[in-house]
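First the structure, in the form of C-alpha cells, and then the observations on it.
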Amino acid sequence: MSPRQGLSARVIVLFLMIFMLSGIFLRVAWGGDGGVLEADLRGLDYVVVVPSGGGDYGSIQEALDAVDENGTVLIRAGNYTEKVWINHSLTLMGEEKGKVIFKVDEANVSMIRVRSDYVSLINITIDGSFHNLSWYEQSHPVTGIEIVGNRSVSYDNIYISHCNLTGIFKGIKIDEASNVSLINNTFYNCLQSISYNCDFLEVERGFGLKVKRNKFVIDLNEQHSGFMDIFIHGNKMSIINNTHISRVGVRGNGVFIRGGRVENASIVGNTVLGNGDIIIDGAANVTISGNYIQNVMKIIMRTLPFTISKTRLIMSNTIINCDRILAYVVDRNYIVNVSSILSCDVLNNVILGFSYIDSYGRVLNNTMVNGGYVIGDVIGRNHFSNCEGPINGIGVYRNSIVNCTKGIVVRAHFITIPIEPRIIKDNIMIGSGIHVNITYCPGKEAIGNVSIINNTVDGKPVVVWNFTDNLEITGTMNFSQVILLGCNNFKIHGIKISREVTYPIIQVGLGEGGEIYGCDFGGGDPAIKLEKTREVAIYGNRIRGGRSGIILRDSSGIEVYGNIFEVGNGSFYDSGSNDWYSGAEGNLWTNVSLRDEDLDGYGDEPVRI
C-alpha cells in the first residue's frame, strides 16, 4: 500500500468512528423513539422522584440535596410522609395538581421548610385531614410550608402555585421574606388546635407579598371557634382576586384578612362569602377596593399613630349583611344591611340597612336607606331615607332627607372653646325636621355660631332667629318649624298645624321671657320644646296627635295652663319644677287613666308632670 493509500484509509476509519459516535449520541439524546431520556440529557439540573423506584431518586430530600442550583425536582404521583428542607434555589414540582400528596403523620412539624432565595413550589398537596391528632398533639400543631428567616437572613423571590393545603393548622408561614407570590392555590379546612385558632396564611415582616387567585374554604361544623385566612404584617402587599367561602354555622368566628402593621397594600377584587372579616389594626396607604363581601361581622382599618394623614380607603365594594365598617375613607361602595360604619370619610356609597355611621371626616354623596344615625364633621349631598338621620359636627348641607325619625340633629352641646361654627344649610326634608340639642351647651356664645339657613321641611321653610328680641310670630307666616336661639321677650300665637308630623314645631333655646298661646297643634314630636329657657307662659293652646306634647328641659319659671291636651301624659316631660296648673286654672287632659266623673272627656284633676 502506498503512503497516499494508507492516509486515505486512516481518514476513512476516523470518519466512520465520528459518524458512529454521533449516531450513538443522537440515539441516547433522543432515546431512539423521539422522547428525551431525562437523566442522560440533564445531568443533575433535572431529577425525578418516584416513590416506588425507577426514578433518579426514591427520596425527595435526597433529590433536593443533589439537584443543581436553579434545577428542578419533579415528583411523580404518590403519597409521601417526608418532611423536607430546601437549602438552595430550585423548583420542586409535582407532575400533576392534586396527585403529589405530602401526608401529615405526626404533630409539631413543618412539612416543607424553605431556607433559600428563588424557590418555586408547584402542584404540591399537603394533607393533614386524615390524621386523628391526640389531645397532646393538638397543642403542637402542623405547618404546611414554612419560609422563615431571621434578623440577619431574609429569603427573597419565593413562588408557590397550584398547591393544595388541607386540614393544616397553619398552611403557609412567612417571616423575614420578600417578594413571595402565592398564585392559584387552594386552602381547605385549616385544622384548629386546642390552644390556637388556625391560619391558612401567616405573614410576619413580609415585603412585596402577592396573594392572587387563591381559594380559601372552611366547611366545618359550628364547633369550629375560630379561623383566619390571611394574617399579614408588612409592606407593599397585594391580595387580589381571591375567593373566601365559609360554611361555618356560627357567624363572627372567621377572618379573611387580619393585619398588624400594614403599609402600602391593596386588597382588590376578592370574593368573601360568610365569616370573613377584614381587620387591619395599623394601616397606612391601604386600599380595600372592588371586593364582593357578604355575611361578615366587620370590616375595620385602624390607623397607625404616626401615619394619620395617609390613606386608608374602602372603595367601590359591594358589602352585604355586615355589622360594622370602620376605615379612614369609605368611597363608592354598595353596602346592604350593615350595622355600623365608623370612618373618617364616607364617600359615594349606596348603603342599605345599617345601625349607625360614625365618621371623623366627610360623609358625601351617599345613598343611605333603612338605617340608624350618621355622624360626621361634614355631611353633604347625601340621600337619607327611613333612617334616624344625620348628626352634625361642623356642617350638614344639600342633603335630601325623607322619613327619617330624627331628621337633622344639631348638637350645639358639642361646641367648645375655641368655638367652631355649625352650619346646617340647603337641606330638603320630607317627613323629617331639625332637632336642636343644647342640653350641654356651654353658653350663648356657642349657639351664636349655629347657622341654620335655607332649609325646608315638607316644602315649607324652617325659620330661625338667633339673638333677636321682641319677636312676634303668627299663624299668617309660612313655615314648617320655628327655632329661636338666644331670643328674649317673644310672642308666638295663632299657629295651626292640622296633621301629624314627626319633628318639633317650636323650639326655644337659651331664651328668657315669652308667650306661646292660641295655637292648635295637630302633631309634632314634640309640639313645643324649651331648653335652658326661663319665664315663658304657655297657655290657651290645643295639642293633639299621637306623639305631640311639651318638653321642658333645664328650664325654669315656665307656666303651662289653660291648654287642652288630647294626648297621653307620656308625651310630656319636665326636668325641673315648673307650674303645670297655675293654682285654680289647670289644663284639660284626655287620658283614659284619669278620673272623669263629669264625663266631659277630660280628666277632673290637674296632672303633675
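Counting begins at 1 with the first residue of the sequence. Quick note: numbers below take in every heavy atom, side chains included, and nothing from hydrogens, waters or symmetry partners.
- Around OH of Y334, the count of heavy atoms belonging to other residues, nucleotides or ligands within 6.0 Å does not exceed 12.
- In summary, of the residues considered (I379, I341, L364), a side chain to side chain contact (heavy atoms under 4.5 Å, CB included) with V346 occurs for I341 alone.
- Checking side-chain atoms of S161 against main-chain N and O of I183 turns up a donor-acceptor pair under 3.5 Å.
- The structure places CE of M297 at 14.5 Å from CD1 of I278, a figure rounded to the nearest 0.5 Å.
- Taking 4.5 Å as the limit, every side-chain heavy atom of I320 sits out of range of all side-chain heavy atoms of I335.
- Scanning all heavy atoms of the two residues, the minimum distance from V73 to V49 falls at CG1-CG2, 3.8 Å.
- Here the closest heavy-atom approach between residue M111 and residue K103 is recorded as CE-O, 3.7 Å.
- Two residues are said to be in side-chain contact when any heavy atoms from C-beta on lie closer than 4.5 Å; I280 and V286 meet this criterion.
- Nearest heavy atom pair, residue V100 against residue I75, reads CG2-O, 3.4 Å.
- A parallel orientation is assigned to the rings of F216 and F187, their planes being inclined by less than 30° (bins at 30° and 60°).
- With respect to the salt-bridge test (charged N to carboxylate O, under 4.0 angstrom), the residues R76 and E95 qualify.
- Of the possible donor and acceptor atoms, none in the side chain of D199 sits under 3.5 Å from a partner among the backbone N and O of E202.
- Heavy atoms only, all atoms of each residue included: N333 and M315 are closest at OD1-C, 3.2 Å.
- Side-chain atoms of D156 and S178 include a donor-acceptor pair closer than 3.5 Å.
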>> One pair to check against side-chain contact (heavy atoms from CB on, under 4.5 Å): T243 and N270. What are the steps and the verdict?
In response: CA-CA 6 Å; T243 299; N270 301 283; over 6 Å; no

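- Residues N157 and D117 have side chains that never bring a donor and an acceptor to within less than 3.5 angstrom of each other.
- By the 4.5 Å heavy-atom criterion applied to side chains, Y328 and V330 are not counted as neighbours.
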> side-chain contact (heavy atoms from CB on, under 4.5 Å) between Y292 and L273: does it pass, once the steps are laid out?
Replying inline: CA-CA 8 Å; Y292 181 91; L273 304 176; 3.7 Å; yes

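- F200 places none of its side-chain heavy atoms less than 4.5 Å from the side chain of I230.
- With hydrogens and angles disregarded, a donor-acceptor distance shorter than 3.5 Å links the side chain of S340 to the backbone of D323.
- Using a 4.5 Å heavy-atom cutoff, the side chains of T72 and L90 are not in contact.
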> Yes or no on salt bridge (Lys or Arg N to Asp or Glu O under 4.0 Å) for R113 and E146, after CA distance, side-chain angles and deciding distance?
Replying inline: CA-CA 5 Å; R113 287 185 170 95; E146 178 186 290; 3.4 Å; yes

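- Between S152 and N150, the side chains place a donor N or O and an acceptor N or O closer than 3.5 Å (distance only, hydrogens not considered).
- Across every non-hydrogen atom of I300 and R324, the tightest pair is CD1-NH2, 3.5 Å.
- Formation of a donor-acceptor pair under 3.5 Å by the K83 side chain with backbone atoms of T81 is found in this model.
- The shortest distance between side-chain heavy atoms of D331 and L313 falls below 4.5 Å.
- Atom CD of E62 is separated from atom CD1 of I60 by 11.0 Å, given to the nearest 0.5 angstrom.
- Rounding to the nearest 0.5 angstrom, the gap separating the CG atom in N164 from the NZ atom in K99 is 11.5 Å.
- A heavy-atom distance below 4.5 Å is found between the side chains of S59 and E82.
- Although no hydrogens or angles enter the test, the distance criterion places no donor-acceptor pair under 3.5 Å between the side chain of N87 and the main chain of R115.
- Between N370 atom CG and I351 atom CD1 the span is 12.5 Å, to the nearest 0.5 Å.
- Salt-bridge annotation for D281 and R258: present, with a side-chain N of the basic residue lying under 4.0 Å from a carboxylate O of the acidic one.
- Within 6.0 Å of the NZ atom in K236, the count of heavy atoms belonging to other residues, nucleotides or ligands does not exceed 12.
- Here CG of D105 is found 15.0 Å from OH of Y80. Values are rounded to the nearest 0.5 Å.
- The closest side-chain heavy-atom distance from I172 to L165 is below 4.5 Å.
- For Y118, the OH atom sits in a loose shell: 12 or fewer heavy atoms of surrounding residues, nucleotides or ligands are nearer than 6.0 Å.
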>> For D277 and I299: C-alpha separation, side-chain torsions, deciding distance, then whether side-chain contact (heavy atoms from CB on, under 4.5 Å) applies.
In response: CA-CA 6 Å; D277 295 353; I299 302 169; over 6 Å; no

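- A donor atom on one side chain and an acceptor atom on the other are not found under 3.5 Å apart for R213 and N241.
- The shortest heavy-atom contact between I288 and N317 is O-ND2, 2.9 Å.
- Panel note: side chain N214, backbone N242; no donor-acceptor pair is recorded below 3.5 Å.
- From L326, atom CG reaches atom OG of S359 across 9.5 Å, with rounding to the nearest 0.5 Å.
- Formation of a donor-acceptor pair under 3.5 Å by the S343 side chain with backbone atoms of D345 is found in this model.
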> Are N291 and T318 close enough, and set up right, to give a side-chain contact (heavy atoms from CB on, under 4.5 Å), and what steps lead you there?
Replying inline: CA-CA 6 Å; N291 302 282; T318 296; over 6 Å; no

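- Formation of a donor-acceptor pair under 3.5 Å by the N399 side chain with backbone atoms of H383 is not found in this model.
- N382 contributes a side-chain N or O that, together with a main-chain N or O of N365, makes up a donor-acceptor pair within less than 3.5 Å.
- Side chains of D229 and H244: a donor-acceptor N/O pair is present below 3.5 angstrom, by distance only.
- Without hydrogens or angle criteria, N185 side chain to C163 main chain gives a donor-acceptor distance under 3.5 Å.
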